[in-house]
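Worksheet: the structure to be examined is printed underneath.
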Number of protein chains: 2
Amino acid sequence: MEALFQYFRKFSPLSKEAEKAIAEISSMVTIKKNNDLQPIGHTCKTIYFIKKGVARIYYFKDGIDITERFFFENSIIARVESLFTGKPSRKAIQILEDAEVVAINSNQLFKLYDDYPEIERLFRKIFESAYVETVNRIEGIQFHSAEERYNALLHEAPDVLMRVPLKYVASYLGITQVSLSRIRGHR
Amino acid sequence: MEALFQYFRKFSPLSKEAEKAIAEISSMVTIKKNNDLQPIGHTCKTIYFIKKGVARIYYFKDGIDITERFFFENSIIARVESLFTGKPSRKAIQILEDAEVVAINSNQLFKLYDDYPEIERLFRKIFESAYVETVNRIEGIQFHSAEERYNALLHEAPDVLMRVPLKYVASYLGITQVSLSRIRGHR
DNA sequence: GTAATTATTTATCTTATGATAAAGGATTGG
DNA sequence: CCAATCCTTTATCATAAGATAAATAATTAC
């Protein structure tokens, strides 16, 4: 739990009471590799913080498994397109390395926003920052060849290639596994 | 200005004082087609609301003009990767049809957050919603052929194809203008 | 209204990536 | 520790999209 509060401090300081209020609506979850932390079709009512492990958000498009994003230690995961709309998510969260996560109940969290503007501010900043990352990602996708995208990933997030099966990386890069393998062979 | 407050109401109600406070830090701007509302290299300190007209955010990648997104009436524009980080933006906002926009000073707006939690909440919701749109857009890009992306645009936002030069649409779709023309010829 | 500029289309050729199949490696469960 | 499964690579062929050039169409400025 302390790791979570330390993560929060990068965005915005919280009072002790606010930390306590968040602790009260949170719980620790341990989950093994290859399991879904949240299934497809479920409305997102939990914001997770990864203390240990690796996860991905994925979905199926025309029957093909597509990875939307990877998540590592010290990051927040949520299927925002469900969390912020209240609609069921077509995406799932899968654990790729045995994980310990903090689960924060989002409905209760949103209620805390009324009593603790500092908590609302904190999460505003967290999601603003996630929004910026997402906008930057689009820039990385538009108008780059598969090979350029692979090299960028190799350079910016070698962790992904070390800790995640390549078949998941391929769809993240928007290519087939076979193409990824071919690109990797080019050296 | 009333159009702006009406837009706000879709997200979260504001008290009269809060509306007044926002009005005080805002101004109306009229700007002609093909002009940059904000140039490349400028740190984003303004959030715009389009009352009338069309705009796009664009940047240069290896000397090529790339459109990140289009904006129409009744929407908020900001280069969030600069607004939320304080870093200069490599992107510009260009007007594509003579426009009237409301310019909200973001530094003053962020100060209002302290006195008016309702304003912080409103903009939190506005940007959460923009974040969701951006996440959904990635889904539309990953693993779709250029033709599928064109058809999706034709179906979901025919406005873009009616009101925007195709050369800007091509880079938005992540293809060359020549490819877009070829795809359009396929019927 | 006309010339000049800019936008769009069409054509040709090349190349990157998809689809499919199959072989080789690695991991996992009993 | 072995068998079964799953992951990754390699090979072949087909196709979508890039690059370039040039023709046509539309818009803009004078």
Side-chain angles (χ1 to χ4, degrees), chain A residues 31-36 53-54 56 58 60-67 70 94-99 140-154 158-187, chain B residues 31-36 53-54 56 58 60-67 70 94-99 140-154 158-187:
Chain A
I31 174 165
K32 291 243 170 254
K33 185 172 171 166
N34 290 329
N35 287 16
D36 277 0
V54 179
R56 68 173 183 133
Y58 73 96
F60 290 96
K61 195 130 211 164
D62 304 326
I64 297 164
D65 174 319
I66 296 180
T67 297
F70 297 107
Q94 184 188 29
I95 298 302
L96 300 178
E97 265 181 24
D98 293 1
I141 297 174
Q142 240 173 343
F143 256 99
H144 282 261
S145 68
E147 186 153 5
E148 287 169 321
R149 295 190 314 263
Y150 173 75
N151 286 327
L153 188 67
L154 192 61
D159 259 31
V160 172
L161 293 161
M162 311 286 282
R163 299 173 73 179
V164 168
L166 291 173
K167 61 172 179 169
Y168 297 145
V169 176
S171 65
Y172 175 77
L173 292 173
I175 56 178
T176 61
Q177 195 188 344
V178 173
S179 288
L180 175 58
S181 193
R182 175 164 39 200
I183 287 166
R184 284 162 56 82
H186 287 179
R187 58 197 59 251
Chain B
I31 175 166
K32 291 243 169 254
K33 185 170 172 171
N34 290 329
N35 287 14
D36 277 0
V54 179
R56 67 174 185 133
Y58 74 96
F60 289 97
K61 195 130 211 162
D62 305 326
I64 297 163
D65 173 317
I66 297 180
T67 298
F70 297 106
Q94 185 188 29
I95 298 302
L96 300 178
E97 264 181 25
D98 294 1
I141 297 175
Q142 242 174 343
F143 256 99
H144 282 262
S145 68
E147 185 153 4
E148 287 169 321
R149 294 188 317 261
Y150 172 75
N151 286 328
L153 187 67
L154 191 61
D159 259 31
V160 171
L161 293 161
M162 309 286 283
R163 299 173 72 179
V164 168
L166 292 172
K167 61 173 178 169
Y168 297 144
V169 175
S171 65
Y172 175 77
L173 292 173
I175 56 178
T176 61
Q177 194 187 346
V178 173
S179 288
L180 175 57
S181 192
R182 176 165 37 201
I183 287 166
R184 284 162 57 83
H186 287 180
R187 60 195 58 251

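The chains referred to below are lettered A, B, ... by the order of the sequence lines, with proteins before strands, and numbering in each begins at 1.
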Kindly give the atom pairs (protein nitrogen or oxygen, nucleotide nitrogen or oxygen) under 3.5 Å for nucleotides 25-30 of chain C.
none

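- Overall, the helix from dG1(C)-dC30(D) to dG30(C)-dC1(D) carries an axis bend of 60° between its ends, with five pairs at each end and the value rounded to 10°.
- Here Asp98(B) pairs with Lys32(B) under the side-chain hydrogen bond (donor to acceptor under 3.5 Å, both in side chains) rule; sequence neighbours left out.
- Bracketed by its first and final contacts, the part of DNA chain D lying under 4.0 Å from non-hydrogen atoms of chain B reaches from dA17(D) to dT28(D) in 5' to 3' order.
- Residues from residues 166-178 of chain B that place a heavy atom under 4.0 Å from any atom of DNA chain C, listed by number: Leu166(B), Lys167(B), Gln177(B), Val178(B).
- Here Phe143(B) pairs with nothing under the ring-ring contact (aromatic ring centres under 6.0 Å, His included) rule; sequence neighbours left out.
- In this structure Gln94(B) satisfies the side-chain hydrogen bond (donor to acceptor under 3.5 Å, both in side chains) test together with Arg56(B), sequence neighbours excluded.
- By the side-chain hydrogen bond (donor to acceptor under 3.5 Å, both in side chains) test, Ser181(B) pairs with no residue at all, sequence neighbours left out.
- Evaluation of the ring-ring contact (aromatic ring centres under 6.0 Å, His included) rule for Tyr58(B) yields Phe60(B) as partners, not counting sequence neighbours.
- Not counting sequence neighbours, the partners of Arg182(B) by the side chain to side chain contact (heavy atoms under 4.5 Å, CB included) test are Ser179(B), His186(B).
- With sequence neighbours excluded, the residues that form a ring-ring contact (aromatic ring centres under 6.0 Å, His included) with Phe70(B) are Tyr172(B).
- Every side-chain hydrogen bond (donor to acceptor under 3.5 Å, both in side chains) that Lys61(A) has, sequence neighbours left out, goes to Glu139(B).
- Between Arg182(A) and Arg182(B), the residue anchored closer to the 5' end of DNA chain C is Arg182(B), taking for each the nucleotide with the nearest heavy atom.
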